[in-house]
Amino acid sequence: MSRDSENLKLSESGMHEIQHLADPAAQVQYRHLQWVAMGASISHIIAVFLALYAFREGDLQDLSLIHLMDYVPKHLAVWQLSCATIAGSSLSFLALYLALKQVLRLRHTLWVNAATFFIVIAITLDLQTFANLMITFADISAQLVLSSGYKQLLMMEAWRVVNQALTQSMIVSNTLYAMAGLVMAGAIVSGFGVPKWLGWTSIPIWLAGLAASVLTFSGQLSLALVLMFSMTIAFILWTITVAVAVDPYTHSHRFPVEKHPAN
């Protein structure tokens with residue numbers, strides 16, 4: 001095997017960067033990425049667990065607004081904690097994106113910088129969405145249970161909050177996250193700093209996110225939720241994989257790129 005072919009193979013696998021990693025500051029950046037990736041996976045796991053618990057305990061399989069409004073006042077702590085953890089998982093996505101951006105070596109960073117603004121916009125919408133669900137929707141649901149009048153008005157207001165949440169989070173924010181993820185996948189594949197296969201394996205995750213947005217827009221909410229759940233599980237596994245894959249980058253390596261036979 002020629003020297004150029006071996007260097008190309010090492011570069012594609014990520015070992016080229018590992019073998020030439022001598023700067024302690026770069027190793028610290030990879031440790032930060034490792035911790036952020038694990039933190040993102042844990043935050044998403046907690047959010048998924050609480051959402052599944054609320055979904056099962058509230059018997060919300062039929063996606064009924066009446067059932068949801070009956071469930072929320074009876075399990076207010078679980079509902080508010082679920083909303084808070086989902087919002088927190090959105091923030092962890094931004095942290096992971098910035099940590100990846102920090103270790104990547106790219107020739108052109110315009111699209112990566114633009115995608116950062118996509119994520120900031122998406123997080124802003126998500127925080128507003130889940131704050132409304134956590135406080136406004138919970139208050140409306142409590143009033144519906146206690147009040148004997150104005151039920152029709154309260155139902156209309158509750159549906160407005162839920163409809164706004166679906167539009168902002170499931171359509172707009174989710175689309176922006178997916179677009180930013182595809183940009184980062186392209187940056188990983190075209191740049192240097194982490195194994196390129198991490199970029200290739202993340203592409204199906206972001207395509208699933210775009211498909212979920214399309215399904216939500218077309219009114220197929222049940223299918224969109226199933227796809228979003230599958231996407232989230234795949235993202236959790238991917239973040240764990242990132243933490244494992246960058247572990248060699250956090251250590252010093254002193255073996256040479258090529259091994260020459262002894263004379």
Side-chain angles (χ1 to χ4, degrees), residues 4-21 23 26-44 89-123 173-213 227-228 230-251 253 257:
D4 292 339
S5 298
E6 184 172 353
N7 284 338
L8 177 60
K9 183 177 180 181
L10 290 169
S11 176
E12 291 177 347
S13 65
M15 291 300 295
H16 188 276
E17 287 84 358
I18 295 175
Q19 293 179 346
H20 288 84
L21 188 59
D23 186 7
Q27 295 175 20
V28 171
Q29 291 177 346
Y30 282 106
R31 292 193 191 99
H32 289 165
L33 172 58
Q34 196 174 35
W35 283 106
V36 169
M38 291 304 301
S41 63
I42 292 172
S43 66
H44 279 79
S89 66
S90 301
L91 292 172
S92 71
F93 182 78
L94 175 61
L96 178 63
Y97 192 91
L98 294 177
L100 278 168
K101 179 184 174 183
Q102 188 177 31
V103 301
L104 283 175
R105 296 190 294 278
L106 304 168
R107 293 182 179 179
H108 306 287
T109 60
L110 175 62
W111 285 105
V112 176
N113 292 334
T116 306
F117 289 100
F118 293 167
I119 298 176
V120 172
I121 296 172
I123 288 177
S173 293
N174 193 51
T175 301
L176 292 174
Y177 287 133
M179 291 174 59
L182 288 173
V183 170
M184 179 53 69
I188 294 174
V189 171
S190 62
F192 299 93
V194 295
K196 297 182 184 299
W197 57 266
L198 286 174
W200 291 113
T201 53
S202 70
I203 292 177
I205 300 175
W206 313 123
L207 292 179
L210 289 175
S213 298
L227 194 56
M228 281 293 296
S230 303
M231 171 192 169
T232 305
I233 297 300
F235 177 75
I236 291 171
L237 295 176
W238 185 76
T239 54
I240 295 174
T241 303
V242 170
V244 175
V246 302
D247 184 67
Y249 294 70
T250 64
H251 308 291
H253 294 264
V257 175

Correct closest heavy-atom pair for Ala122 and Ser173 would be O-OG, 3.1 Å
Distance-only donor-acceptor pairs under 3.5 Å for side chains of residues 181-189, two or more places apart:
none

For the backbone of Gly193 and the side chain of Tyr30, can you confirm whether one donor and one acceptor N or O come within less than 3.5 Å of each other? yes
So do the side chains of Thr241 and Trp197 get within less than 4.5 Å of each other, counting heavy atoms only? yes
Does Trp200 reach the side chain of Pro195, with side-chain heavy atoms less than 4.5 Å apart? no
So which heavy atom on Gly209 is nearest to which on Asn174, and how close? O-ND2, 2.7 Å
Shortest non-hydrogen contact from Gln34 toward Ala243: NE2-O, 3.0 Å
Nearest heavy-atom approach of Val194 to Leu198 is CB-CD1, 4.3 Å
What heavy-atom pair brings Met179 and Phe118 nearest, and what distance separates the two atoms? CE-CE1, 3.9 Å
Name all residues meeting the side-chain hydrogen bond (donor to acceptor under 3.5 Å, both in side chains) criterion together with Thr175; count only those two or more places apart in sequence or in a different chain, and write none if there are none. Ser213
Can you give me the closest heavy-atom contact between Ala212 and Leu227, atom names plus distance? N-CD2, 3.5 Å
Would you call the rings of Phe93 and Tyr177 parallel, tilted or perpendicular, where under 30° means parallel and over 60° means perpendicular? perpendicular
Gap between atom NE2 of His44 and atom OG of Ser90 - 0.5 Å precision: 6.5 Å
Below 3.5 Å, can you tabulate the donor-acceptor pairs from side chains in residues 97-104 to any protein atom, sequence neighbours excluded?
from: Tyr97; atom 1: OH; to: Val112; atom 2: O; distance (Å): 3.2
from: Lys101; atom 1: NZ; to: Asn113; atom 2: OD1; distance (Å): 2.6

Side chains of Leu33 and Leu96: closer than 4.5 Å at any heavy-atom pair? yes
